Amino acid sequence: PGRVVTLLEDCGACTWGVAYEVRGEQIAASLEYLNMREAVLGGYDTKLVKFHPQEKDAEEPILALVYIATPQNPSYLGPASEEDIAAQIIVSSGCAGHNIEYLLRLADFMRYFCPQAEDKHLFSIEEALISILPCLYYTEESLEE
């Protein structure tokens, strides 16, 4: 199993991110793809939640489909320290790419698009991962220094 960022159900929590609107013929194809990737293969529950767009002209929340991790999934790794999670990410990849890239892109996204949402857990994992990387990638020249 690889480490990815997953949503865990927490009725009092807030999650920052992006919602995508699909229309017409996109709906069936998108739902089929996401259901296979997230629910069938991924072991996530599907939920409808209220999404509050940041745009100033948005008057009401819209319903958005999210996939929430379940501890019953045999691939669910559960809670761990940031260092352990970083170590798992370094050795994990999937069909969409390496988990290192996934984590780094997610952290960059949060900094750029959601600067008001300080995700200390995410940024601690990123910091732990970055501190491990130099130990894995070295050359003879770096050993001489």
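Keep in mind that what you see is a predicted model, and the values were worked out from it rather than measured. All heavy atoms count here, side chains included; hydrogens, waters and symmetry mates do not.
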Engineer: Which atom names give the shortest non-hydrogen contact between N35 and Y67, and what distance separates them?
Structural biologist: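 Looks like N-OH, 3.8 Å.
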Engineer: Could you measure the distance from the CZ atom of F123 to the CD1 atom of I130? Nearest 0.5 Å is fine.
Structural biologist: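 Here the rounded value is 11.0 Å.
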Engineer: Counting distance only, does the side-chain N/O of S30 pair as donor-acceptor with the main-chain N or O of I27 below 3.5 Å?
Structural biologist: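 Side chain of S30 to backbone of I27: no pair is present.
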Engineer: Take L77 and Q88 through the side chain to side chain contact (heavy atoms under 4.5 Å, CB included) test and state the conclusion after the steps.
Structural biologist: CA-CA 10 Å; L77 295 175; Q88 290 166 334; 4.0 Å; yes
Engineer: Y20, F51: one ILVMFWY side-chain cluster at the under-4.5 Å cut-off?
Structural biologist: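 Y20 and F51: separate clusters.
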Engineer: So, E118 and K120, do they make that salt bridge, N to O below 4.0 Å?
Structural biologist: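 Here E118 does not pair with K120 in a salt bridge, since their nearest N and O are not under 4.0 Å apart.
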Engineer: Looking only at non-hydrogen atoms, find the nearest pair between I89 and I100 and report the distance.
Structural biologist: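 Looking at all heavy atoms of both residues, the shortest contact is CG2-N, 3.7 Å.
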Engineer: Which heavy atom of A128 sits nearest to which heavy atom of E83, and what is that distance?
Structural biologist: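 Scanning both residues, the minimum pair turns out to be CB-CA, 4.1 Å.
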Engineer: Of all heavy-atom pairs between I132 and A86, which one has the smallest distance, and what is that distance?
Structural biologist: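 The pair with the smallest heavy-atom distance is CD1-CB, 4.0 Å.
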Engineer: Identify the heavy atoms of H121 and E82 that sit nearest to each other, and give their distance.
Structural biologist: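 For H121 versus E82, the nearest heavy atoms are ND1-OE2, 3.3 Å.
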Engineer: What is the minimum heavy-atom distance between H98 and V91, and which atoms define it?
Structural biologist: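 For H98 versus V91, the nearest heavy atoms are CE1-N, 4.5 Å.
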Engineer: I'd like to know if the side chain of D119 reaches the main chain of L122, judged simply by a donor and an acceptor atom lying under 3.5 Å from each other, with no hydrogens or angles considered.
Structural biologist: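 Checked: pair present.
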Engineer: Quick one: pull up CG in L133 and CD1 in I90 and give me the separation to the nearest 0.5 Å.
Structural biologist: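 Interatomic distance, L133 CG to I90 CD1, rounded to 0.5 Å: 4.5 Å.
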Engineer: Which value, rounded to the nearest 0.5 Å, describes the distance between M110 atom CE and E126 atom CD?
Structural biologist: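 CD of E126 is found 11.5 Å from CE of M110.
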Engineer: Return the CD1 to CD1 distance between I85 and I125, rounded to the nearest 0.5 Å.
Structural biologist: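 Answer for the CD1-CD1 pair, I85 versus I125, is 4.0 Å.
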Engineer: Any chance you could measure Y33, atom OH, to E38, atom CD, to the nearest 0.5 Å?
Structural biologist: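 The OH atom of Y33 sits 7.5 Å away from the CD atom of E38.
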Engineer: Could you give me the CA-CA distance, side-chain angles and deciding distance for L104 and L129, then say whether side chain to side chain contact (heavy atoms under 4.5 Å, CB included) is met?
Structural biologist: CA-CA 9 Å; L104 297 176; L129 181 132; 4.2 Å; yes
Engineer: Measuring only between side-chain heavy atoms, which start at C-beta, is Y44 closer than 4.5 Å to V66?
Structural biologist: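 The answer is no; the side chains never approach within 4.5 Å.
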Engineer: For V49 and L63, what are the C-alpha separation, side-chain angles and deciding distance, and is it a side chain to side chain contact (heavy atoms under 4.5 Å, CB included)?
Structural biologist: CA-CA 6 Å; V49 299; L63 285 179; over 6 Å; no
Engineer: Tell me whether L48 shares a hydrophobic cluster with L34, the cluster being built from Ile, Leu, Val, Met, Phe, Trp, Tyr side chains joined at under 4.5 Å.
Structural biologist: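 Yes; tracing contacts between hydrophobic side chains, which count when under 4.5 Å, links both residues.
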Engineer: Using a strict 4.0 Å threshold on nitrogen-to-oxygen distance, state whether D108 and R111 make a salt bridge.
Structural biologist: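 Here D108 pairs with R111 in a salt bridge, since their nearest N and O are under 4.0 Å apart.
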